[in-house]
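Accompanying notes for the structure given below.
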Amino acid sequence: MKGSTTGGDAADGPRGELNPITFRRRLMRWYRDNARALPWRDTSDPYGIWVSEIMLQQTRVAAVIEYYTEFMRRFPTLVSLALAPEADVLAAWSGLGYYRRARMLHKAAQFIMTERRGQLPSSSLELRTLPGIGEYTAAAIASIAFGESVAVVDGNVERVILRLTGRANDATAAARRFVREQAQALVPHAPVTLKPYSQSGEGSPPSGNPAGDHNQAMMELGATVCLPHAPRCSECPVHSLCCTRGEHPTPTRTPQRSQPAACLLDLRKRGPATEVLLECRPGDAAVMPAMYELPKLPQEAVEGLEPALRLRHAITNTNYYVQVYSPRRLVRSGSGSHLSVDKPSTVSAHALRSVLPTETQNLHWTRTTRLASLPLTGLTRKILQRLKVMKNTRITLAE
DNA sequence: TAACCGTGGCC
DNA sequence: TGGCCAAGGTT
């Protein structure tokens, strides 16, 4: 970097090198005034910051907030997470997606308890060795929780750096190295603390942790201003330092496909309890292993039948157009709904159940009161909530 | 390196 | 309805 620190823009023009001091000052002033209040920004607990960073992988902030709050209520400490059965952890994750994250988080917590006396590693290098923690997450935890001066590079930071510098995004290793080096050059240097970084107590960011605040500000800028398609350059605090002013091609993505699907919603009464038929996915399934879902019906078996519910559900690059078939009717009465077991609709339970694929097994009649504590797939949770079979709440049962 | 893993919301 | 995602990691 050039030595000019006079503060004038002339030396920091779009075609020149980024002056880290000017850049940081403008970024942080903007962040101080524009940082969103998020639950994980109220804590200096490395465990809480870790949980938030895992949840935020490839997942929108808006989707994480509720899950984070409930997860931290359910598993407030690293010990409580390590001691919990995996099914409980998955149940708390149900609907958030990428369930491998939850399994690896759980595994890592157990590893830390048995091999590290409950101490989360405090350096990005050591954090990197834990399952589920890659380059980005290691840098995020190390800087935000422990003050290490290491740059985080997520999709937002990459886009911000590429636009600032005008470097082409050719998806090569050289481009990634360039972005990482540029990002690192902008991070404020601060002594690496080995203890968790304690917040000033106000709760609202910035917290007074130079590297952690800077990294969060970079991501915040990318997430709220330097948007992928319609960047709001007029609101950008470093607009005058930017080489491209937002003109930057965005990479193409793999096209989506559409596919029909059908599943069975079968309910029965057992005394005062209502039970629903669930199938447990194989433990070695490629997706969502050992999680519970409604039994799938072959498309041919439901020709001409009227579904109880239609909805769309996206899994990775496939849009599933799902039809739910119920042999029994849900009758709305007053405030809620109840099950009418003696009024089969167009088709009997036996008829529908008999067309389940032969490989279907692991069927379980499950009390609806237990649903919230089971690792349901997101689609199943959505259907059961939509049809009022389970409450639309994330509160899990007490012990 | 590239494919794969889940989801809810927005337009 | 269909397209496009959003704070990555693993294999």
Side-chain angles (χ1 to χ4, degrees), chain A residues 35-36 38-41 49-68 90 93-105 107-108 127-141 143-144 151-160 170-176 180 183 205 212 215-224 226-230 250-260 281 285-289 291 293 310-322 375-383 385-386 392 394:
Chain A
R36 293 168 291 182
L38 301 171
W40 46 90
R41 288 181 175 163
I49 292 167
W50 176 28
V51 170
S52 75
E53 289 300 338
I54 300 298
M55 287 189 170
L56 285 163
Q57 289 169 3
Q58 294 287 283
T59 307
R60 294 175 190 275
V61 165
V64 168
I65 292 175
E66 203 182 339
Y67 279 87
Y68 174 81
L90 286 172
W93 209 273
S94 169
L96 196 53
Y98 287 126
Y99 299 100
R100 197 168 50 184
R101 296 182 298 176
R103 297 179 204 271
M104 290 189 295
L105 176 67
K107 288 253 187 314
L127 285 162
R128 182 70 181 76
T129 66
L130 294 174
I133 297 186
E135 197 173 354
Y136 160 78
T137 307
I141 299 172
S143 63
I144 297 169
V152 302
V153 180
D154 68 344
N156 287 316
V157 175
E158 181 185 62
R159 186 173 59 254
V160 168
D170 48 11
T172 60
R176 276 200 303 283
R180 184 166 12 94
N215 280 333
Q216 292 191 79
M218 287 289 283
M219 293 188 281
E220 192 91 346
L221 186 68
T224 64
C226 197
L227 304 172
H229 288 294
T250 54
T252 59
R253 306 178 62 85
T254 56
Q256 291 199 315
R257 296 174 310 170
S258 293
Q259 201 173 309
R281 298 175 59 84
V287 289
M288 301 171 277
M291 295 184 72
E293 62 186 355
R310 301 173 205 266
L311 48 77
R312 185 179 74 155
H313 188 74
I315 302 287
T316 314
N317 290 321
T318 305
N319 277 325
Y320 290 97
Y321 288 88
V322 184
L376 305 174
T377 67
L379 171 60
T380 297
R381 175 174 296 273
K382 190 155 72 175
I383 292 169
Q385 288 178 344
R386 202 77 68 87
N392 193 358
R394 301 213 32 79

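In the text below, chain A, chain B and the rest are named by the order of the sequence lines, each starting its count at 1.
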Tell whether A:Arg312 reaches the base of C:dG2 with its side chain through a donor-acceptor pair below 3.5 angstrom. yes
For A:Thr377, report the nucleic acid contact type (base, sugar-phosphate, nothing); a contact means any heavy atom under 4.0 Å. sugar-phosphate
To the nearest 0.5 Å, how far apart are CH2 in A:Trp40 and CD1 in A:Ile144? 10.5 Å
Looking at C:dG9, I'd like to know if its phosphate oxygens (OP1 or OP2) sit under 4.0 Å from a side-chain N or O belonging to A:Thr137. yes
Enter the distance from A:Tyr68:OH to A:Leu96:CG here, rounded to the nearest 0.5 Å. 13.5 Å
Regarding C:dG9, can its base be found pairing with the side chain of A:Arg128 as donor and acceptor, where the two atoms are less than 3.5 Å apart? no
Does B:dT7 have OP1 or OP2 sitting under 4.0 Å from an N or O in the side chain of A:Lys382? no
Heavy atoms under 4.0 Å, any strand shown: does A:Ile54 hit a base, just sugar-phosphate, or nothing? nothing
Nearest whole angstrom, please: distance from the P of C:dA6 to the OH of A:Tyr68. 24 Å
If you only use heavy atoms from C-beta on, which nucleotide in B:dC5, C:dT1, C:dG8 is closest to the side chain of A:Val287? B:dC5
Backbone N/O of A:Met55 and side chain of A:Tyr98: donor-acceptor pair under 3.5 Å: no
Identify the residue among A:Arg180, A:Arg176, A:Arg128 that makes a salt bridge (charged side-chain N to carboxylate O under 4.0 Å, His left out) with A:Glu135. A:Arg180
Quick one: label A:Met55 by what it contacts on the DNA or RNA (base, sugar-phosphate, nothing), any heavy atom closer than 4.0 Å. nothing
To the nearest Å, give me how far apart OH (A:Tyr136) and P (C:dG8) are. 6 Å
What is the distance, to the nearest angstrom, from the CD atom on A:Gln259 to the P atom on C:dT1? 16 Å
Judged by atom type as modelled, is there a donor-acceptor pair below 3.5 Å linking the side chain of A:Arg41 to the main-chain atoms of A:Arg36? yes
Quiz question: by atom type and distance under 3.5 Å, do the side chains of A:Arg101 and A:Thr59 form a donor-acceptor pair? yes
Report the distance from atom CZ of A:Arg180 to atom C1' of C:dG8, rounded to the nearest whole Å. 15 Å
Strictly below 4.0 Å: does A:His313 bring a side-chain N or O up to OP1 or OP2 of B:dG6? no
Assign A:Val64 to base, sugar-phosphate, or nothing according to its heavy-atom contacts below 4.0 angstrom with the strands shown. nothing
Would you kindly check whether a donor in the side chain of A:Arg100 faces an acceptor in the base of B:dG6, or vice versa, at under 3.5 angstrom? no
Below 4.0 Å: OP1/OP2 of B:dT1 and any side-chain N or O of A:Arg176: yes
Once you round it to whole Å, what is the distance between P of C:dT10 and CZ of A:Arg103? 15 Å
Rounding to an integer number of Å, can you tell me how far A:Tyr320 OH sits from C:dG2 C1'? 16 Å
Tell me whether the side-chain N/O atoms of A:His229 come closer than 4.0 Å to OP1 or OP2 in C:dC5. yes
Take A:Leu379 and A:Ala173, find for each the nucleotide of DNA chain B with the closest heavy atom, and name the residue whose nucleotide sits nearer the 5' end. A:Ala173
Closer than 4.0 Å, any side-chain N/O of A:Tyr99 to the OP1 or OP2 of B:dT7? yes
Give A:Gln216 one of three labels, base, sugar-phosphate or nothing, depending on what nucleic acid heavy atoms sit under 4.0 Å from its own. nothing
Between A:Gln57 and C:dG8, is there a contact of a side-chain N or O with OP1 or OP2 at under 4.0 Å? no
Could you tell me the separation between the OH atom of A:Tyr321 and the C1' atom of C:dG2, rounded to a whole number of Å? 5 Å
What is the distance, to the nearest angstrom, from the CD atom on A:Gln58 to the C1' atom on C:dA6? 6 Å
Pairwise P distance for C:dG3 and B:dG6, with rounding to whole Å: 22 Å
Between A:Thr137 (side chain only) and A:Glu53 (backbone N and O only), is there a donor and an acceptor less than 3.5 Å apart? no
5'-most by nearest nucleotide on DNA chain C - A:Arg60 or A:Ala138: A:Arg60
Measuring to OP1 and OP2 of C:dA6, would you say a side-chain N or O of A:Tyr98 lies under 4.0 angstrom away? no
